[in-house]
Amino acid sequence: MPAPDAARLPRIEAYYPPIDYRDAADVFRPYDDRFPHVAALVGQVIAESDATLVVEHVGSTAIPNCAGKGVIDLMIPYRDGQFEETLAVVQDLGFQIWRSRDPFPETRPVLIGSIQHDGTRFRLHLHLIPEADPEVINQRHFRETLRDNPALIEEYQASKLASLQANPADGTDYNLGKDVFIKRVMANAQAE
């Protein structure tokens, strides 16, 4: 697929539609084949502002056939000493720091936003992670491991549904419900 013209790139919006964790249809959606394209568009928007930033698509939307919230998770592994500059670039584009009851560390924030594309609003999570942090490797390992293993995708989806059946109050509760599965996959990454 050819790279879109910069003038036609979507605009990142600070608006982030809240997720209703009481509504399974809002939290557990089928995989959408547009996810990789949307992630690439957002990556290009960021690259237009700072070509040195590397944006990677991670999370469920980076795993074909994996159902989930439909939030496009992106990761920028930032260089030592470049946190403030990286944060400024993405905030200038419209991303806002996510405020939750269990906030991420100040130097490892998650930023949120959304874009309109193809008649649909896509929620965005942008993870800024120090490039030397093992989490960068873990994020990649998780994505690649599930991409290569349909049985693990099924198990991951089952952990999401089990978490929803526990009636999570918010994203923190929902993520805690998937934690056992995620930690097991990550432990295998560290054992390799």
Side-chain angles (χ1 to χ4, degrees), residues 10 12-19 27 31-32 35-63 66 68-115 117 121-147 156 159-160 163 170-179 181-183 185-187 189-190:
I12 308 296
E13 298 178 39
Y15 174 65
Y16 183 85
I19 297 172
V27 186
Y31 180 81
D32 186 327
F35 291 153
H37 180 68
V38 171
L41 286 173
V42 175
Q44 188 169 356
V45 168
I46 294 169
E48 289 287 324
S49 290
D50 186 336
T52 68
L53 297 178
V54 175
V55 180
E56 295 185 48
H57 188 192
V58 295
S60 296
T61 59
I63 302 165
C66 187
K69 292 183 291 189
V71 174
I72 308 292
D73 279 294
L74 302 161
M75 168 178 75
I76 295 179
Y78 65 86
R79 295 179 309 280
D80 190 36
Q82 297 297 312
F83 174 71
E84 293 297 330
E85 293 83 2
T86 302
L87 181 62
V89 166
V90 297
Q91 285 183 312
D92 286 348
L93 290 172
F95 284 101
Q96 303 295 314
I97 293 178
W98 181 29
R99 307 285 182 205
S100 68
R101 66 181 164 113
D102 291 332
F104 281 80
E106 190 173 303
T107 58
R108 195 274 182 239
V110 174
L111 293 96
I112 57 174
S114 66
I115 65 164
H117 174 70
R121 179 170 298 280
F122 290 89
R123 295 176 179 114
L124 307 171
H125 284 181
L126 180 60
H127 302 258
L128 300 187
I129 307 173
E131 70 178 355
D133 191 311
E135 185 182 359
V136 171
I137 292 169
N138 288 344
Q139 289 282 347
R140 292 172 181 150
H141 175 81
F142 187 83
R143 177 190 63 208
E144 297 307 316
T145 298
L146 268 68
R147 279 180 177 172
Y156 188 35
S159 77
K160 292 177 180 195
S163 183
D170 57 21
T172 300
D173 286 346
Y174 173 72
N175 289 337
L176 287 172
K178 305 180 301 177
D179 214 33
F181 174 82
I182 292 169
K183 284 182 177 176
V185 172
M186 295 302 189
Q190 293 162 358

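Predicted model only: the values in this text are computed from it and were never measured.
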Any side-chain heavy atom of [X] within less than 4.5 Å of one from [Y]?
{"X": "Ile76", "Y": "Glu56", "result": "no"}
{"X": "Gln82", "Y": "Glu131", "result": "no"}
{"X": "Thr61", "Y": "Val71", "result": "no"}
{"X": "Ile129", "Y": "Phe104", "result": "no"}
{"X": "Leu128", "Y": "Leu111", "result": "yes"}
{"X": "Gln96", "Y": "Gln91", "result": "no"}
{"X": "Glu135", "Y": "Arg108", "result": "yes"}
{"X": "His127", "Y": "Pro109", "result": "no"}

side-chain contact (heavy atoms from CB on, under 4.5 Å) evaluation trace for Lys183 with Met186: CA-CA 5 Å; Lys183 284 182 177 176; Met186 295 302 189; 5.5 Å; no

Side-chain (Asp170) to main-chain (Asp173) donor-acceptor, under 3.5 angstrom: yes

Full working for side-chain contact (heavy atoms from CB on, under 4.5 Å) between Ile112 and Leu124: CA-CA 5 Å; Ile112 57 174; Leu124 307 171; over 6 Å; no

Intermediate values then yes/no, side-chain hydrogen bond (donor to acceptor under 3.5 Å, both in side chains), Arg121 and Ser114: CA-CA 7 Å; Arg121 179 170 298 280; Ser114 66; 2.8 Å; yes

Supply the atom-to-atom distance [X] [atom1] to [Y] [atom2], rounded to the nearest 0.5 angstrom.
{"X": "Asp133", "Y": "Met75", "atom1": "CG", "atom2": "CE", "answer": "10.0 Å"}
{"X": "Glu84", "Y": "Thr107", "atom1": "CD", "atom2": "OG1", "answer": "10.0 Å"}
{"X": "Leu53", "Y": "Thr86", "atom1": "CG", "atom2": "OG1", "answer": "5.0 Å"}
{"X": "Ile137", "Y": "Glu144", "atom1": "CD1", "atom2": "CD", "answer": "13.0 Å"}
{"X": "Asp92", "Y": "Ile12", "atom1": "CG", "atom2": "CD1", "answer": "12.5 Å"}
{"X": "Ser163", "Y": "Asn175", "atom1": "OG", "atom2": "CG", "answer": "7.5 Å"}

Geometric cation-pi criterion Lys160 and Tyr156, 6.0 Å radius, 45° cone: yes

What pair of heavy atoms forms the shortest contact from [X] to [Y], and how long is it?
{"X": "Val58", "Y": "Arg143", "result": "CG1-NH1, 3.8 Å"}
{"X": "Ser49", "Y": "Val89", "result": "CB-CG1, 3.8 Å"}
{"X": "Phe95", "Y": "Ile46", "result": "CE1-CD1, 4.3 Å"}
{"X": "Cys66", "Y": "Ser60", "result": "CB-O, 3.8 Å"}
{"X": "Val45", "Y": "Pro10", "result": "CG2-O, 3.4 Å"}
{"X": "Leu74", "Y": "His57", "result": "CD2-CA, 3.9 Å"}

Tyr16-His125 aromatic ring centre distance below 6.0 Å: yes

Derivation of the side-chain contact (heavy atoms from CB on, under 4.5 Å) call for Ile19 and Arg123: CA-CA 10 Å; Ile19 297 172; Arg123 295 176 179 114; 3.5 Å; yes

Aromatic ring pairing Phe181/Phe142, orientation class (parallel under 30°, perpendicular over 60°, tilted between): perpendicular

